[in-house]
Colleague: 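One structure, as structure tokens, below. Some questions next.
Excluded from the calculations below are hydrogen atoms, water molecules and symmetry mates; all remaining heavy atoms, backbone and side chain alike, are included.
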Amino acid sequence: MKHKILIMAMTTAGISFGQNKIQYPETKKGETVDVYFDTKVADPYRWLEDDKSDETGAWVKAENEVTYAYLNKIPFRDALKARMEKLWNYEKIGAPFTEGKFTYYFKNNGLQNQSVVYRKDQNGKEEIFLDPNTFSKDGTTSLGGLDFSKDGSKAAYSISEGGSDWRKVIIIDAVSKKVLEDTLVDVKFSGISWYENEGFYYSSYEKPKGSELSAKTDQHKLYFHKLGTSQKEDKVIFGADQKRRYVGGGVTEDNHYLVITAANSTYGNELFIKDLTKPDSPIISIVDNFNSDNNIIENEGSKLFIETDLNAPNKRVVTVDVSNPKPENWKDFIPETQNILSPSTGGGYFFANYTKDAVSLVQQYDYDGKLIREIKLPAVGTAGGFGGKKKEKTLYYTFTNYTTPGSIFSFEPKSGKSEIYQKPKVDFKSEDYESKQVFYTSKDGTKIPMIITYKKGTKLDGKNPTILYGYGGFNISLTPAFSIANAVWMENGGIYAVANLRGGGEYGKKWHDAGTKLQKQNVFDDFIAAAEYLIAQKYTSSDFLAIRGGSNGGLLVGAAMTQRPDLFRVALPAVGVMDMLRYHTFTAGAGWAYDYGTAQDDKEMFEYLKGYSPVHNVKKDVQYPATMVTTGDHDDRVVPAHSFKFAAELQDKQTGENPVLIRIDVKAGHGAGKSVAATIQENVDIQAFTLYNMGFKALPKK
């Protein structure tokens with residue numbers, strides 16, 4: 001394949017449309033052209049990929065000025081914000097966990113930008129342990145992770161600044177809370193796993209040349225940091241000689257083994273183990289290829305318990321002795337079923353948390369593989385948790401669905417007794433709303449599940465404002481969960497629908513694979529069919545239908561709106577992968593190739609990607625839906641250039657009066673750690689833009 005970049009020259013374009021009279025910023029065009037398999041592909045907005053340039057910064061500022069001028073004129077925006085803040089303002093408490101002599105838990109009083117880590121001593125005295133709200137004045141520095149040494153005497157926590165995936169790690173004495181040594185820097189895509197009280201394992205890349213927010217990173221390494229030494233002395237445990245994009249390491253609860261996973265893509269990993277009780281012991285290979293997902297979830301002495309989808313697309317748990325751990329010696333412990341397995345351990349038991357038609361079913365097993373009980377859940381929805389140390393007598397789990405705010409339940413694994421531990425006091429009448437699961441038919445005849453949630457008594461007359469949400473990728477399952485933003489949407493007469501598209505993990509590996517590479521169009525067809533179902537069944541109509549998705553879901557929205565611009569009134573792509581010919585050249589994007597393939601693979605893959613890539617499929621003389629693209633200027637997961645280029649193409653080619661805006665959060669990343677204030681404002685702006693472009697001049701009366 002031949003690939004070259006031709007010369008760049010600049011032109012300018014200023015645009016204004018129809019009755020909205022939006023004067024978009026001038027976005028210069030270059031004459032950059034790439035050549036793929038003798039096909040020339042123009043990339044006029046390549047210059048927007050340079051996140052360090054003053055030109056890009058000026059463009060971001062100018063676009064935000066236009067966007068906020070538009071949003072500020074929406075008459076009910078302030079009322080929407082007031083209601084959102086009122087509903088959001090309730091105490092949120094996380095499940096407790098014990099480390100050393102203290103019980104720790106997260107708590108947010110309501111509108112705090114970041115949740116605070118509290119602890120109680122053995123006498124029940126409460127104090128603040130870590131307050132991320134003090135990390136920065138504007139709430140843009142967040143807590144990334146918190147891990148304790150084996151005796152709970154020391155802790156290491158990571159922080160993210162401006163939403164970046166690059167983290168700093170701070171090490172403290174957990175009792176006195178005093179900082180023990182210099183901060184570790186440049187840590188990325190990493191957990192922290194302590195060995196005894198000596199130090200911990202973590203993963204990172206070497207800082208790339210050029211922009212740390214967009215330059216490619218593709219060699220991940222596992223390090224060990226010994227307390228009392230400098231970071232430059234940290235030993236590389238894995239990844240120096242074996243180049244892998246993603247490497248992780250974790251110590252078993254008994255401190256006996258280091259478990260290492262290594263991968264080049266978001267699916268499929270090698271699996272290794274190292275005996276930490278023997279000095280200079282070798283790293284032993286268990287799985288030596290990338291054809292399956294594998295993880296050691298527990299050990300009992302030399303007996304390993306491995307979660308895997310090898311020869312089990314819906315996953316199973318197997319056992320094997322560490323002395324001869326290759327797959328040919330694996331024995332079923334929890335066999336594969338027709339439902340998707342996600343196992344956990346705690347309190348001396350295993351918990352098989354199954355996804356069945358996108359909702360939870362949980363079973364409890366002992367260490368002999370005997371089924372103890374099926375755990376009765378409060379209702380149909382999503383349960384999570386059921387994890388903890390072996391010695392714990394009480395475990396905790398969360399339960400939620402689209403109409404029920406997340407509650408925490410305590411669970412005694414020995415007796416099976418379960419009771420509410422913490423129920424949030426939300427000013428929302430859950431009993432007034434209902435969820436209905438339907439199965440609709442996609443273009444190729446495949447049945448796709450969708451859950452539709454709305455206020456009881458809603459008249460199905462085709463006039464209900466509706467948000468259709470989807471993702472459809474990376475083996476990720478969309479399961480029912482309560483959202484304050486969605487609650488406000490439904491209070492205002494809105495319908496919220498979530499389609500469980502192919503490419504996700506709702507029905508295992510086969511379902512995932514059916515939405516990857518040369519089958520990616522299945523995902524878009526599933527989403528379009530969901531919209532057509534909602535319209536046919538009179539839940540809504542094209543005039544009142546918005547589509548929303550983030551990251552891979554942003555790609556979904558971009559592809560759907562360019563393929564069927566007639567079908568939707570509003571499009572809301574967030575932090576989306578929009579340039580499918582170049583996504584793999586930024587940060588860790590090459591690791592997404594299992595789902596997408598790359599334009600360099602072969603001519604067929606290039607043409608397929610170009611056929612749906614949102615940036616490359618915006619056409620002149622087409623009226624696209626009213627669109628508000630959202631992204632963050634510090635997003636180093638899906639770099640904002642994707643969204644910048646897509647918005648520029650739409651603004652240049654849009655026909656008709658529908659606005660095309662891009663809302664760019666400053667000092668914000670892909671989404672994790674975003675402050676409560678920023679999250680509320682973003683949701684307010686999205687809903688205000690959506691309702692306003694559906695013709696609403698005021699919020700409906702309750």
Side-chain angles (χ1 to χ4, degrees), residues 93-106 117-122 124 129-130 145-157 172 174-175 191-202 248-259 261 273 275-277 295-307 317 319 322 333-334 342-353 362-370 372-373 375 383-398 408-419 421-422:
I93 300 176
F97 55 97
T98 301
E99 298 290 350
K101 297 179 180 179
F102 296 92
T103 299
Y104 295 82
Y105 49 95
F106 286 80
V117 185
Y118 286 81
R119 72 179 179 189
K120 289 182 180 179
D121 63 18
Q122 292 171 324
F129 178 66
L130 276 179
L146 170 63
D147 293 85
F148 291 83
S149 62
K150 296 303 178 181
D151 66 359
S153 65
K154 299 175 180 65
Y157 65 93
I172 62 174
V175 179
I192 298 169
S193 186
W194 286 82
Y195 174 65
E196 296 288 358
N197 301 304
E198 297 178 12
F200 53 83
Y201 295 89
Y202 69 95
V251 179
T252 55
E253 187 180 333
D254 61 4
N255 280 292
H256 197 136
Y257 300 106
L258 170 66
V259 178
T261 59
I273 194 165
D275 190 337
L276 296 176
T277 67
N295 187 39
I296 296 173
I297 60 171
E298 178 64 295
N299 73 295
E300 194 173 29
S302 64
K303 185 179 184 180
L304 307 178
F305 296 83
I306 302 173
E307 171 192 3
V317 176
T319 60
V322 73
F333 177 71
I334 301 178
S342 178
S344 61
T345 64
Y349 293 90
F350 287 82
F351 296 89
N353 193 333
V362 184
Q363 294 178 336
Q364 179 182 349
Y365 291 84
D366 66 16
Y367 273 66
D368 293 324
K370 178 185 175 184
I372 303 300
R373 62 177 61 87
I375 297 168
F386 298 103
K389 298 182 177 73
K390 283 184 181 179
K391 65 180 181 180
E392 301 288 352
K393 291 182 172 56
T394 302
L395 303 178
Y396 298 87
Y397 69 92
T398 59
I408 299 173
F409 291 78
S410 63
F411 177 76
E412 296 177 4
K414 190 171 182 179
S415 67
K417 181 183 177 182
S418 182
E419 59 185 26
Y421 173 79
Q422 194 269 335

Colleague: Output all residues satisfying side-chain contact (heavy atoms from CB on, under 4.5 Å) with S149, sequence neighbours left out; order by chain, then residue number.
Modeller: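 Per chain and number, S149 pairs via side-chain contact (heavy atoms from CB on, under 4.5 Å) with D151, S153, K154, W194, N197.
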Colleague: Starting at CD1 of I273, measure out to OG1 of T252 and round the result to the nearest 0.5 Å.
Modeller: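 With rounding to 0.5 Å, CD1 (I273) is 7.0 Å from OG1 (T252).
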Colleague: Just to verify, what does K390 make a salt bridge (Lys or Arg N to Asp or Glu O under 4.0 Å) with, not counting sequence neighbours?
Modeller: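 So K390 forms a salt bridge (Lys or Arg N to Asp or Glu O under 4.0 Å) with E298.
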Colleague: Please list, chain by chain and in numerical order, all residues satisfying side-chain hydrogen bond (donor to acceptor under 3.5 Å, both in side chains) with N295, sequence neighbours excluded.
Modeller: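 Checked N295 against side-chain hydrogen bond (donor to acceptor under 3.5 Å, both in side chains); zero matches.
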Colleague: Tell me every residue that passes side-chain hydrogen bond (donor to acceptor under 3.5 Å, both in side chains) with Y365, counting only those two or more places apart in sequence or in another chain.
Modeller: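 In terms of side-chain hydrogen bond (donor to acceptor under 3.5 Å, both in side chains), with neighbours along the sequence ignored, Y365 is linked to Q363.
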Colleague: If you look at every heavy atom in N255 and L276, which pair is closest and at what distance?
Modeller: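 Scanning both residues completely, I find the closest heavy atoms to be O-CB, 3.9 Å.
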Colleague: Checking N353 now: which residues fulfil side-chain hydrogen bond (donor to acceptor under 3.5 Å, both in side chains) with it, not counting sequence neighbours?
Modeller: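 Partners of N353 by the side-chain hydrogen bond (donor to acceptor under 3.5 Å, both in side chains) criterion come out as none, since no residue qualifies.
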Colleague: Only counting residues at least two apart or in another chain, list the ones meeting side-chain contact (heavy atoms from CB on, under 4.5 Å) with L395.
Modeller: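 Per chain and number, L395 pairs via side-chain contact (heavy atoms from CB on, under 4.5 Å) with F351, E392, P413.
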Colleague: Among all residues two or more places apart in sequence or in another chain, which pass the side-chain contact (heavy atoms from CB on, under 4.5 Å) test with K393?
Modeller: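 With sequence neighbours excluded, K393 shows a side-chain contact (heavy atoms from CB on, under 4.5 Å) to no residue whatsoever.
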Colleague: Got a sec, which residues hit side-chain contact (heavy atoms from CB on, under 4.5 Å) with T319, two or more places apart in sequence or on another chain?
Modeller: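 Checked T319 against side-chain contact (heavy atoms from CB on, under 4.5 Å); matches are K303, F305, K331, F333.
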Colleague: Taking side-chain hydrogen bond (donor to acceptor under 3.5 Å, both in side chains) as the definition, give me every residue that meets it alongside Y397, ordered by chain and number, with sequence neighbours left out.
Modeller: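 Partners of Y397 by the side-chain hydrogen bond (donor to acceptor under 3.5 Å, both in side chains) criterion, ordered by chain and then number, come out as S418.
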Colleague: Suppose we screen for ring pair (Phe, Tyr, Trp, His ring centres under 6.0 Å). Which residues come up paired with F148, at least two apart in sequence or across chains?
Modeller: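 Ring pair (Phe, Tyr, Trp, His ring centres under 6.0 Å) check on F148 returns Y104, F129.
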